Amino acid sequence: MGSTSAQHTNEGLGRRDVIKRSAAIGLITVPTMGFLASCASSDSGTDKKVEKGKTSAQNPLGVNETAPLDFVLFDGGFGTEYAKDSVALFEKAYPKAKVKFSSTQKIQSELSPRFNGGTPPDLIDNSGAEQMDMGVLVGKKQLTDLTPLLDAPSIDDPAKKVRDTLRPGIVEMGQYDGEPVWIMNYAYTVYGVWYSQTALDNLDAEYPQDWDAMLALCAKAKKKGIAGWTYAGKYPYYIPFSLYPFIGKIGGREVLDAIDNLEPNAWKNPAVKSAFEAYYELFKKGYILKGTPGIDHIQSQTAWTEGKALFIPNGSWVENEAAKTTPKDFQMKVAAPSSLDSSDKLPFGTIWAGGGEPFIVPAKAPNPQGGMEQLRVMLSEAASKNFTTKVKSLSAYNGGTDGLTLSTAMQSGVDALKLAGDNVLNPRLQDWYVALQKEKIGTGVLGELMAGRITPAEAVKKAQGFADEAAKDTSIKHYKHQ
């Protein structure tokens with residue numbers, strides 16, 4: 001998931017727009033999708049490529065050192081400064097190349113005509129409320145395979161390929177069918193259970209590493225008039241940010257893969273039922289903040305930062321989004337889901353993390369090598385550190401935080417990733433099947449479950465029914481883990 005919004009403001013990020021973009025697939029309105037599908041299938045335009053340059057150790061992608069580069073960035077919550085700084089690095093390496101850098105909040109309406117005319121830019125940050133639909137672009141073969149970028153030597157260590165410098169899941173999130181990588185997600189989000197270290201200290205408590213300890217802490221907080229949990233009740237598709245890795249921890253990543261693949265009876269796996277029962281227990285014991293089913297993401301976060309609840313399922317954008325209401329001594333942190341018990345297949349620390357802010361190089365870009373080289377520059381340690389410093393987000397580069405003073409929220413994300421090691425999960429349901437994830441599973445199942453309107457058994461049945469409907473729907477493209 002990216003960390004930008006349709007409106008570039010200083011008041012936090014519009015998360016519904018962010019979730020629409022999700023990790024790798026954009027969600028846009030039906031009329032827009034139809035228009036994009038039309039333009040993406042066009043064969044018009046000159047499709048003129050600049051002559052490729054000579055490859056060398058300093059120029060592994062064969063960039064034409066005098067060819068212009070056209071770079072269009074989405075101007076959202078991340079702003080434009082980090083990208084301009086990376087352009088300056090590109091221009092330093094290729095001083096004869098003229099870079100045309102521009103930014104907009106209207107990616108689809110401004111760039112679809114260019115795709116239609118066969119004259120797209122060389123590099124696009126395809127983000128925001130007007131994000132072009134990735135599935136359509138991939139399906140219509142309108143994107144350049146970024147494998148040459150991934151196999152090129154990294155800026156900082158030529159002995160390492162770019163792909164070997166990336167955080168877990170980044171490469172996979174750019175893939176749809178098979179090996180080609182169509183998207184480079186530049187930002188990196190850590191999802192999980194967010195809390196205030198100060199609030200736990202006031203209760204003389206530590207973050208609970210198993211569910212019995214979680215329930216005991218919620219009971220202790222309740223006696224002090226503090227709820228255990230809250231969440232975005234109006235948008236309950238936030239619940240999976242902690243629930244899905246909880247399911248994966250209990251039953252193994254293969255359970256989440258089966259769910260993503262829309263396999264028969266995937267939701268009937270015992271790990272799903274156990275996770276549903278655990279979360280339902282929060283409702284039954286009265287550990288969820290009263291009124292939560294009726295509040296939105298901002299209201300739930302505000303209640304949380306005001307100390308009315310200990311825990312909230314969310315992503316690392318929450319630090320910026322909740323900044324206006326967060327006390328200075330809050331000590332915001334994120335942790336992986338608690339274990340259910342000792343029989344869990346994966347260890348404590350198993351977490352969900354993945355990329356956002358998707359960059360693409362159009363297939364008809366005049367200078368695709370230049371577009372990929374600009375991304376290679378952005379994936380250097382210097383550019384990554386600059387990004388993290390300026391926008392308070394980790395990048396896809398696996399590092400770039402040494403020597404930086406990080407907030408407690410960012411530091412906890414770094415620590416959580418270190419603890420997770422190889423146990424980083426990356427569920428794809430939310431970007432492969434947006435409507436299924438948000439409207440049906442999120443709202444129709446999890447929202448009802450957490451509000452106590454259906455039982456765990458009923459939730460399993462409904463989720464499986466929705467998944468089966470999607471699997472049989474021939475109007476949508478189906479994806480599977482490779």
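The structure presented is a predicted model; accordingly, all values stated were derived computationally and were not measured.
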Validation: residues 262-269 side-chain donor-acceptor distances under 3.5 Å, sequence neighbours left out:
{"unit_1": "Glu263", "atom_1": "OE2", "unit_2": "Asn261", "atom_2": "ND2", "d": "3.2"}
{"unit_1": "Asn269", "atom_1": "OD1", "unit_2": "Ala271", "atom_2": "N", "d": "2.9"}

Report all side-chain donor-acceptor pairs from residues 446-460 shorter than 3.5 Å, counting only partners two or more places apart or in another chain.
{"unit_1": "Glu448", "atom_1": "OE1", "unit_2": "Arg453", "atom_2": "NE", "d": "3.2"}
{"unit_1": "Glu448", "atom_1": "OE2", "unit_2": "Arg453", "atom_2": "NE", "d": "3.1"}
{"unit_1": "Glu448", "atom_1": "OE2", "unit_2": "Arg453", "atom_2": "NH2", "d": "3.1"}
{"unit_1": "Thr455", "atom_1": "OG1", "unit_2": "Glu458", "atom_2": "N", "d": "3.2"}
{"unit_1": "Thr455", "atom_1": "OG1", "unit_2": "Glu458", "atom_2": "OE1", "d": "3.4"}
{"unit_1": "Glu458", "atom_1": "OE1", "unit_2": "Thr455", "atom_2": "N", "d": "2.8"}

List, one per line, each side-chain donor-acceptor pair under 3.5 Å for residues 208-216, sequence neighbours excluded.
{"unit_1": "Asp210", "atom_1": "OD1", "unit_2": "Asp212", "atom_2": "N", "d": "3.2"}
{"unit_1": "Asp210", "atom_1": "OD1", "unit_2": "Ala213", "atom_2": "N", "d": "2.8"}
{"unit_1": "Trp211", "atom_1": "NE1", "unit_2": "Ala278", "atom_2": "O", "d": "3.4"}

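The side-chain heavy atoms of Phe359 and Ile124, taken from C-beta on, include no pair separated by under 4.5 Å. No side-chain heavy atom of Tyr244 sits less than 4.5 Å from a side-chain heavy atom of Ile239. Looking at heavy atoms from C-beta onward, Ile312 lies out of side-chain contact with Trp229 at the 4.5 angstrom threshold.
Side-chain atoms of Ser412 come within 3.5 Å of backbone atoms of Val334 as a donor-acceptor pair (strictly under, hydrogens ignored). Side chain of Tyr188 to backbone of Pro168: a donor-acceptor contact under 3.5 angstrom is found. Side-chain atoms of Ser242 never come within 3.5 Å of backbone atoms of Val193 as a donor-acceptor pair (strictly under, hydrogens ignored). Within the 3.5 Å criterion, the main-chain N or O of Leu346 finds no donor-acceptor partner in the side chain of Asp344. Thr104 places a side-chain N or O within donor-acceptor distance of the main-chain N or O of Lys106, the cut-off being under 3.5 Å. For Asn126 (side chain) and Met132 (main-chain N/O), a donor-acceptor pair under 3.5 Å exists by modelled atom type. Side-chain atoms of Thr326 come within 3.5 Å of backbone atoms of Ala322 as a donor-acceptor pair (strictly under, hydrogens ignored). Listed for the Asp296 side chain is no donor-acceptor partner under 3.5 Å among the backbone atoms of Lys234. Judged by distance alone, with hydrogens and angles left aside, the side-chain atoms of Ser112 form no donor-acceptor pair with the main-chain N or O of Ser109 at under 3.5 Å.
A cation-pi contact, defined as under 6.0 Å to the ring centre and within 45° of the axis, is absent between Lys333 and Tyr195.
With sequence neighbours excluded, no residue forms a side-chain hydrogen bond (donor to acceptor under 3.5 Å, both in side chains) with Asn423. With sequence neighbours excluded, the residues that form a ring-ring contact (aromatic ring centres under 6.0 Å, His included) with Trp352 are Tyr191, Phe241. Partners of Arg253 by side-chain hydrogen bond (donor to acceptor under 3.5 Å, both in side chains), not counting sequence neighbours: none found. Qualifying ring-ring contact (aromatic ring centres under 6.0 Å, His included) partners for His478, counting only residues two or more places apart in sequence or in other chains: none. Qualifying side-chain hydrogen bond (donor to acceptor under 3.5 Å, both in side chains) partners for Thr350, counting only residues two or more places apart in sequence or in other chains: none. Residues passing the ring-ring contact (aromatic ring centres under 6.0 Å, His included) test with Tyr82, sequence neighbours excluded: Phe387. Under the side-chain hydrogen bond (donor to acceptor under 3.5 Å, both in side chains) criterion, Thr305 pairs with Thr325, sequence neighbours left out.
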Exercise for the section: Give the C-alpha distance, both sets of side-chain angles, the deciding distance and a yes or no for side chain to side chain contact (heavy atoms under 4.5 Å, CB included) between Arg167 and Leu417. Expected result: CA-CA 9 Å; Arg167 295 187 186 276; Leu417 290 171; 3.8 Å; yes

Exercise for the section: List the steps, then state whether side chain to side chain contact (heavy atoms under 4.5 Å, CB included) holds for Leu200 with Phe311. Expected result: CA-CA 10 Å; Leu200 294 193; Phe311 304 112; 4.3 Å; yes

Practice task
Apply the test side chain to side chain contact (heavy atoms under 4.5 Å, CB included) to residues Glu319 and Ser407: give CA-CA distance (whole Å), side-chain angles for both, the deciding distance (0.1 Å), then the verdict.
Solution key: CA-CA 9 Å; Glu319 177 182 15; Ser407 65; 2.7 Å; yes

Practice task
Check the pair Leu166 / Met184 against side chain to side chain contact (heavy atoms under 4.5 Å, CB included), numbers first and verdict last.
Solution key: CA-CA 10 Å; Leu166 303 178; Met184 174 54 63; 4.0 Å; yes

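Expressed to the nearest 0.5 Å, how far CD of Gln411 lies from CE of Met332 amounts to 15.0 Å. Rounding to the nearest 0.5 angstrom, the gap separating the CD atom in Glu281 from the SG atom in Cys218 is 10.0 Å. Rounding to the nearest 0.5 Å gives a distance of 11.0 Å between CG of Asp75 and OG of Ser127. To the nearest 0.5 Å, atom CG of residue Leu146 and atom CG of residue Leu375 are 7.0 Å apart. With values rounded to the nearest 0.5 angstrom, Phe246 atom CZ is found 12.5 Å from Leu256 atom CG. Here the CG atom belonging to Asn426 is positioned 7.5 Å from the NE2 atom belonging to His481, to the nearest 0.5 angstrom.
Among Trp432, Trp182, Tyr479, the one residue that satisfies the ring pair (Phe, Tyr, Trp, His ring centres under 6.0 Å) test with Tyr176 is Tyr479.
The pair Arg428-Glu172 does not count as a salt bridge, with every side-chain nitrogen at least 4.0 angstrom from each carboxylate oxygen.
Annotation: salt bridge (Lys or Arg N to Asp or Glu O under 4.0 Å) contacts involving residues 472-482, sequence neighbours excluded, comprise Asp177-Lys477. Residue pairs satisfying the salt bridge (Lys or Arg N to Asp or Glu O under 4.0 Å) criterion with at least one member in residues 269-278, sequence neighbours excluded, are listed as follows: Lys273-Glu277.
Within 6.0 Å of NZ on Lys462 lie more than 12 heavy atoms contributed by other residues, nucleotides or ligands.
Counting all heavy atoms, side chain and backbone alike, Gly442 lies closest to Pro236 at O-CG, 3.4 Å. Annotation for Leu379 and Ala396: closest pair CD2-CB, 4.1 Å, computed over non-hydrogen atoms. Here the closest non-hydrogen pair linking Gly307 and Ile226 is O-CG2, 3.7 Å. Closest non-hydrogen pair, Gly248 versus Leu425, comes out as CA-CD1, 3.9 Å. For the residue pair Pro245 and Ile351, the shortest heavy atom distance occurs at CB-C, 4.2 Å. In terms of heavy atoms, Pro358 sits closest to Ile183 at CB-CG2, 3.3 Å.
Remark: the Thr443 side chain and the Glu439 side chain contain no N/O donor-acceptor pair separated by less than 3.5 Å. A donor atom on one side chain and an acceptor atom on the other are not found under 3.5 Å apart for Tyr238 and Ser300. At a cut-off of 3.5 Å, with distance as the only test, no side-chain donor of Thr230 or Lys308 sits close to an acceptor on the other residue.
With ring centers used as reference points, Tyr186 lies 6.0 Å or more from Tyr397. Note: Phe330 and Trp304 meet the aromatic proximity criterion, with ring centroids under 6.0 Å apart.
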